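Keep in mind the model is a prediction, meaning the values are calculated, not measured. Nothing fancy with the numbering, it's 1 onward along the sequence.
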Amino acid sequence: ILGSDAMPAGGVACQAPNVSYAANSFFRAYNLDDFGITEDFGITSVEYGQGSANEGKVITCNIYTASSDDLSTAILTFVATADHVSAEADNWSLISVGLTANIPAGSTIAFEVFAADDPDDGDPGTPVDSFFPGFNDAGENDDSYLLAADCGATAPTTLTSIGFPDNQYVMNVVGDVLSVEEFSLDNSISIFPNPTSDIITLDVSNRITVNSIELYNIVGKQVIKTSNVSTLDLSQLSAGVYMLRVNTDSGILTKKIIRN
């Protein structure tokens, strides 16, 4: 677990009291190196503290990689997302949301908990649909950030800088270090259909870059060379056995291909 699992309390969010709830994004960064993680990291779920939330309030959890730990200026690259429907019975508790993503070694993860706005509908009998994050004072691995344009926080802003140093959001990223086997080239490139009568497709993991693809016949003569990394057309070749060579930035993968 990257973070803390202590019991949360209700935290700060952007809201016009008793009128409307603004869109709020709650952030934290996790530098894998800071946790002693030197291999690729597989996220299996995320956790956040629910201080309070209206029944049915949808919370969106987003995972990004960040160009630095300073989320106020970092460039965020979207990786994965998952939604959770809030229940009032879960107030003051830790919420776990299933979310899977593979994060390359050396990365900084940015975890966002997003709660959409709920403008005033003019009906005094309709409650404001809101969410307030759980926090504690047990310490945090990195700053807590708030993004709420309606309250002037137009970029992720540390809570300390806006006067709430005690609001240390409870936000965790859960997962495991991925083994070398899980990140082998054989598991990172799928080639199908095989056997084939014409087109083969290459499904390549975003963790690697393919530089070129070569196809050789049974006597070792190169019959195809291309930089197209998604498909290969074998329709003009004779039936038989061929060897496919995929040159990547992580090594070379060789596969036997059967042309029907």
Over all heavy atoms of both residues, which pair between G98 and A82 is shortest? Give the atoms and the distance, please. O-CB, 3.5 Å
Check whether any side-chain heavy atom of D34 lies under 4.5 Å from a side-chain heavy atom of D69, and answer yes or no. yes
If we only count heavy atoms from C-beta on, is the K255 to V246 side-chain gap below 4.5 Å? no
Examine Y64 and Y30 and state if one hydrophobic cluster contains both, with Ile, Leu, Val, Met, Phe, Trp and Tyr joined whenever side-chain heavy atoms are less than 4.5 Å apart. no
Looking at every heavy atom in both P193 and I200, which two are closest together, and how far apart are they? O-CG2, 3.5 Å
Quick one: does T248's side chain get under 4.5 Å of T209's, heavy atoms only? no
Stepwise, does the side chain to side chain donor-acceptor pair (under 3.5 Å) test hold for N91 with Q50? CA-CA 5 Å; N91 288 348; Q50 178 176 307; 2.8 Å; yes
From CG (N217) to CD1 (I257), nearest 0.5 Å: 14.0 Å
Go through the side-chain N and O atoms of R259 and S238 and say whether any donor and acceptor fall under 3.5 Å apart. no
Side-chain heavy atoms of N247 within contact of E214, under 4.5 Å: yes
Could you tell me if E112 and S25 have a donor-acceptor pair between their side chains, going purely by distance under 3.5 Å? yes
Determine whether L147 and F27 satisfy the following criterion, side-chain contact (heavy atoms from CB on, under 4.5 Å), listing intermediate values before the conclusion. CA-CA 8 Å; L147 170 62; F27 283 93; 4.0 Å; yes
So how far is it from D90 CG to S52 OG, rounded to the nearest 0.5 Å? 12.0 Å
Strictly by modelled atom types, are D70 and S72 linked by a side-chain donor-acceptor pair under 3.5 Å? yes
Residues D33 and N31: closest non-hydrogen pair is N-OD1, 2.9 Å
Min side-chain heavy-atom separation I109-I43 under 4.5 Å: yes
With a 3.5 Å distance limit and no angle check, can you tell me whether N24 reaches the backbone of A22 through a side-chain donor-acceptor pair? yes
Indicate, with yes or no, if V79 and I37 share a hydrophobic cluster defined by side-chain heavy-atom contacts under 4.5 Å among Ile, Leu, Val, Met, Phe, Trp and Tyr. yes
Using side-chain heavy atoms (C-beta onward) and a distance below 4.5 Å, is L244 in contact with L232? yes
Does a side chain donor of either N260 or S197 reach within less than 3.5 Å of an acceptor in the other side chain? no
Is there a donor in the side chain of N194 and an acceptor in the side chain of T196, or the other way round, less than 3.5 Å apart? no
Verify, without hydrogens or angle tests, whether K57 (side chain) and A87 (backbone) share a donor-acceptor contact under 3.5 angstrom. no
Look at the aromatic rings of Y48 and F131 and report parallel, tilted or perpendicular, splitting at 30° and 60°. perpendicular
Heavy-atom closest pair, residues S86 and I59: OG-CG1, 3.5 Å
Under a single-linkage definition using a 4.5 Å side-chain heavy-atom cutoff for Ile, Leu, Val, Met, Phe, Trp and Tyr, are I213 and I208 assigned to the same hydrophobic cluster? yes
Which atoms form the tightest heavy-atom contact between A110 and L71, and what is the distance? CB-CD2, 4.1 Å
Decide yes or no for R245 and L215: does some side-chain heavy atom of the first lie under 4.5 Å from some side-chain heavy atom of the second? no
Any I103 side-chain heavy atom under 4.5 Å of V173 side chain: no
Would a distance-only check, ignoring hydrogens and angles, find a side-chain to backbone donor-acceptor pair under 3.5 Å from D118 to Y21? no
Do the side chains of V12 and I162 join up, straight or via other hydrophobic residues, at under 4.5 Å, putting them in one cluster? yes
To check you understand the geometry: which heavy-atom pair defines the closest contact between C61 and V97, and what is its length? SG-CG2, 4.1 Å
Is the F135-Y169 ring centre distance short of 6.0 angstrom? no
Roughly how far, to the nearest 0.5 Å, is the CG atom of D176 from the CG atom of D40? 13.0 Å
Please tell me whether D143 and T158 have a donor and an acceptor in their side chains that are separated by less than 3.5 angstrom. no
Can you list every ring-ring contact (aromatic ring centres under 6.0 Å, His included) pair that touches residues 210-241, not counting sequence neighbours? none
Say whether, by atom type as modelled, one donor and one acceptor occur between the side chain of E55 and the main chain of E88 under 3.5 angstrom. yes
R28 backbone acceptor or donor facing D142 side chain under 3.5 Å: no
Between CD1 on residue I63 and OG1 on residue T77, distance to nearest 0.5 Å: 13.0 Å
